[in-house]
Amino acid sequence: MDLISNRTSNISHLAMNGLLERQRAIGANIANVETPGYQRKEVVFENQLSEIIEKEDLKDYIKEQNSIKPAPKTYNDFLQIQEGQMYRRQLSPQEKQYLISNSYGQYDPQIMDDIYSEGTLDGNNVELEKEMMDLTKNGTKYLMLSNLERKYYSGISEVIRGGGQ
């Protein structure tokens, strides 16, 4: 585990950034609840996070396949490798390139107009009750992630201090 660039922490930071953008959009929606013609805003980022997680999983799989392993015990494999030797599968150029690619750099929460919600006669489609519920739900998610981050960094801090010795 790499303490400086922990994958979970990186993804948590991205999620918190997406939630922050969503909080801003909800605030704009609430502020414009009476504005004629205003279309409520939504922020979409969860699918991007899922794609990043899948890419990082694939990177972990490639690294695992390339790790040093005991020599295989089957006869066909034995013909190629002396028993008891350690071997490492060679990475293809595409795998090497994929491993150094930045999965996180393409993350960009999308702010979109909600064109599917029914609006009032003046064209405004903001429902104050829904926005207030979304505000609470979004704030709770952000709080949960920030608490996880705080625990993660307090654990690292404890290790640096020497574990309370």
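Given the structure is predicted, the values throughout are model-derived calculations rather than measurements.
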- Message: Taking Ile26 as the starting point, is it possible to reach Val44 by hopping between hydrophobic residues whose side chains are less than 4.5 Å apart?
- Response: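 No: no chain of side-chain contacts under 4.5 Å links Val44 to Ile26.
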- Item | Set of residues satisfying salt bridge (charged side-chain N to carboxylate O under 4.0 Å, His left out) with respect to Glu54, sequence neighbours excluded |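 Scan of Glu54 (salt bridge (charged side-chain N to carboxylate O under 4.0 Å, His left out), adjacent residues dropped) gives none.
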- Message: Could you work out, with salt bridge (charged side-chain N to carboxylate O under 4.0 Å, His left out) as the rule, every residue matching Lys130, not counting sequence neighbours?
- Response: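 With neighbours one apart ignored, the set is Asp134.
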- Hey, mind stepping through Gln110 and Phe45 against side chain to side chain contact (heavy atoms under 4.5 Å, CB included) and telling me if it holds? CA-CA 6 Å; Gln110 300 297 306; Phe45 63 91; over 6 Å; no
- Message: Are more than 12 heavy atoms, taken from residues, nucleotides or ligands other than Glu34, located less than 6.0 Å from that residue's CD atom?
- Response: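 Not more than 12 within 6.0 Å, no.
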- Item | Working for side chain to side chain contact (heavy atoms under 4.5 Å, CB included), residues Arg24 and Lys41 | CA-CA 9 Å; Arg24 289 181 181 140; Lys41 308 292 184 231; over 6 Å; no
If only atom types and distance count, is the side chain of [X] paired as donor or acceptor with the main-chain N or O of [Y] below 3.5 Å?
| X | Y | result |
| --- | --- | --- |
| Tyr107 | Leu14 | yes |
| Thr35 | Tyr38 | no |
| Gln48 | Asp108 | yes |
| Asn32 | Ala28 | yes |
| Glu21 | Gly18 | no |
| Thr140 | Thr136 | yes |
| Asn102 | Tyr104 | yes |
| Lys59 | Ser101 | yes |

Report yes if the side chains of [X] and [Y] come closer than 4.5 Å at any heavy-atom pair, otherwise no.
| X | Y | result |
| --- | --- | --- |
| Ser12 | Tyr152 | no |
| Glu131 | Leu135 | no |
| Asp57 | Arg7 | yes |
| Tyr153 | Ile156 | yes |

- Answer yes if the side chains of Lys141 and Gln23 hold a donor-acceptor pair under 3.5 Å, and no otherwise.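 Judged by distance alone, the side chains do not pair up.
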- Item | Value rounded to 0.5 Å, distance of NE2 in His13 from OG1 in Thr8 |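 These two atoms lie 11.0 Å from each other.
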- In Å and rounded to the nearest 0.5 Å, what is the CD to OG distance from Glu149 to Ser154?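 Result: 11.0 Å between the selected atoms.
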